[in-house]
Number of protein chains: 2
Amino acid sequence: MGRGKIEIKRIENSTNRQVTYSKRRAGIVKKAKELTVLCDAEVSLLMVSSTGKMHEYISPSCTHKNLYDRYQQASGSNLWQPHYERMQDTLQKLKEVNNKLRKEIRQRNGEDLDELSFQQLRGLEQNMEKSVECVRNRKFHQISTSTDTYKKKIKNHEETHNSLLREFEERDADFSFPALDFEGDYQSTIGFATGNPQIFAFRLQPKLQSDLQDEEAYGSYGLSLA
Amino acid sequence: MGRGKIEIKRIENSTNRQVTYSKRRAGIVKKAKELTVLCDAEVSLLMVSSTGKMHEYISPSCTHKNLYDRYQQASGSNLWQPHYERMQDTLQKLKEVNNKLRKEIRQRNGEDLDELSFQQLRGLEQNMEKSVECVRNRKFHQISTSTDTYKKKIKNHEETHNSLLREFEERDADFSFPALDFEGDYQSTIGFATGNPQIFAFRLQPKLQSDLQDEEAYGSYGLSLA
DNA sequence: CGGACTATATATAATAG
DNA sequence: TCTATTATATATAGTCC
């Protein structure tokens, strides 16, 4: 090759390594071109230098992807194809399941009943009656629970109110402030204490409004999947 | 290179072409190995001969796929990645939608009601009552329709039967066969004609049985998707 | 760096066995 | 068809600019 036999072993000097890389890269690309022309071959050559730069040669009228795909096919070690096909399969299954689920919902919503037999209709009816009973029970359970909760809260606030009253009465007994000033403070404090449960009641309204919106949206998810 | 300058131009003699290909292929692979070792480079080399045979060289601790992917990334013309990602995305969305649908079904089945507000429960209850009414109506419609159908069929068979009877009576009047022989044939014919509706009735049973199985499977599709 | 030069080492076309 | 040989053409390491 050059002035004295060279040993095929990593070049430690990084500059020389790069120089050699450039020279030899040009040589190998030239060889690849010659192989293409002389022998009608197709060649895909990808090279990355130790500094990370990439160079390539590809025969005319051919792409790296094309050759790589053929290589995969030939070597039988195609790892992507099965993965891709499995995905496609899963997608299909999911779509089918999705359609089944939608149909069931439509049927439970009183639509799309034409293809059901009498027995199926009877089963569906019974099932729905049983289910509506569950919903009803849950509703009653919820309303009684929340009523209890509010009762407890009100009771709690009343107790606080009463203990405050007592506290102030005790202070009234211990000290003697001017009656009018004290009366003013006292009133406002009562106003706050008794007002609290009402604030709760008002805060309830908007919450219920949004719940109603949710309810209207029931069974009409905005689904637009291909 | 050899004995006399060679011209870089397609070798027309196919045998020589193959010979040259083999030799030069070995040479180029050797160069690729040297590049790898000397310069710390990574090389992916794919070659297809004019006869379709494939050969390769790949640097140790590296794969064609890896280098090809890096090439794609570098060249920015990666066509697979977006496709793959879109699929993954669609898959995820479908799964989410399916879960929502399942949840809706569970709720319409009287399960999973804990997180619903009172208003939502009330809406669901009303919706279900309306729906069960639709199912009930459809059921009544179906039973009346199918009853009519069976009535018509029975009527149809009775008419056939009667017309056959008349026909035989007429024959009986025109000719005079030995009474006993004729009686035998006659009976069997009647048996078939009147039996037909019964065959229908019997065939109905297994059909209804399977329908019942369908009904039992309601809301429990055997879904086991990852 | 990037070429240009050159002395050698290699690759390989042609040829023979 | 292969393999080995051999005469040349090429490739390229080292060097200089």
Side-chain angles (χ1 to χ4, degrees), chain A residues 1-62 64 67-68 70-71 74-75, chain B residues 1-62 64 67-68 70-71 73-76:
Chain A
M1 290 178 174
R3 305 198 178 191
K5 178 170 180 168
I6 67 137
E7 176 179 21
I8 303 298
K9 173 183 167 186
R10 182 186 142 97
I11 298 167
E12 294 301 335
N13 179 310
S14 126
T15 306
N16 285 345
R17 199 189 318 135
Q18 277 313 110
V19 172
T20 297
Y21 175 74
S22 295
K23 286 186 177 180
R24 278 173 170 264
R25 171 162 51 75
I28 214 171
V29 166
K30 189 179 172 194
K31 293 269 179 211
K33 279 181 187 169
E34 290 177 354
L35 195 71
T36 299
V37 176
L38 278 172
C39 309
D40 253 4
E42 292 172 295
V43 181
S44 156
L45 176 64
L46 295 175
M47 292 166 292
V48 186
S49 75
S50 58
T51 58
K53 283 211 175 181
M54 177 161 274
H55 296 86
E56 55 159 331
Y57 170 76
I58 180 69
S59 303
S61 74
C62 185
H64 290 294
L67 263 179
Y68 176 64
R70 278 199 269 164
Y71 160 72
S75 67
Chain B
M1 288 178 175
R3 303 197 178 188
K5 177 171 181 169
I6 68 139
E7 177 180 19
I8 303 298
K9 172 183 165 185
R10 181 182 189 314
I11 298 168
E12 294 300 336
N13 180 310
S14 130
T15 307
N16 284 346
R17 199 189 317 134
Q18 277 313 110
V19 172
T20 299
Y21 174 73
S22 295
K23 286 186 177 179
R24 279 176 170 263
R25 172 163 50 74
I28 214 171
V29 166
K30 189 178 173 195
K31 294 268 178 212
K33 279 181 187 167
E34 290 177 354
L35 195 71
T36 300
V37 176
L38 279 171
C39 310
D40 251 2
E42 291 170 295
V43 180
S44 155
L45 176 63
L46 295 175
M47 291 166 293
V48 186
S49 74
S50 57
T51 58
K53 283 211 173 181
M54 177 161 271
H55 296 87
E56 55 159 332
Y57 170 75
I58 181 67
S59 304
S61 74
C62 184
H64 290 293
L67 263 179
Y68 177 63
R70 278 199 269 165
Y71 161 73
Q73 224 169 9
S75 67

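Labels below follow one simple rule: chain letters A, B, ... track the order of the sequence lines, proteins then strands, and each chain is numbered from 1. These numbers were taken from a predicted model, which means no experiment stands behind them.
- Listed nucleotides: D:dT12, C:dT10, D:dT10. Nearest to the side chain of A:Arg24: D:dT12.
- Here B:Thr20 does not reach the OP1 or OP2 of C:dT12: none of its side-chain N or O atoms lies under 4.0 Å away.
- Computed from coordinates, the B:Ile28 CD1 to C:dT12 P distance equals 8 Å when rounded to whole Å.
- Rounded to a whole Å, the CD atom of B:Gln18 is 15 Å from the P atom of C:dT12.
- With C:dA11, C:dT12, D:dT1 as the choices, the nucleotide that has an atom nearest any side-chain atom of B:Lys31 turns out to be C:dA11.
- Put simply, CZ on B:Arg25 is 12 Å from P on C:dT12, counting in whole angstrom units.
- Between B:Tyr57 and the choices B:Lys33, B:Lys30, B:Met47, the side-chain contact (heavy atoms from CB on, under 4.5 Å) rule is met once, by B:Lys33.
- Between the side chains of B:Ser50 and B:Gln18, at least one donor N or O sits under 3.5 Å from an acceptor N or O.
- Within the 3.5 Å criterion, the main-chain N or O of B:Ile58 finds no donor-acceptor partner in the side chain of B:Ser44.
- Between B:Lys9 and A:Leu38, the shortest heavy-atom contact is O-CD2, 3.2 Å.
- Remark: P of C:dA13 and CZ of B:Arg17 are 14 Å apart, rounded to the nearest angstrom.
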Look for any protein N or O under 3.5 Å of an N or O in nucleotides 3-6 of chain D and output each such pair with its distance, or none.
| unit_1 | atom_1 | unit_2 | atom_2 | d |
| --- | --- | --- | --- | --- |
| D:dT6 | O4' | B:Arg3 | NH2 | 3.3 |
| D:dT6 | O2 | B:Arg3 | NE | 3.3 |
| D:dT6 | O2 | B:Arg3 | NH2 | 3.3 |

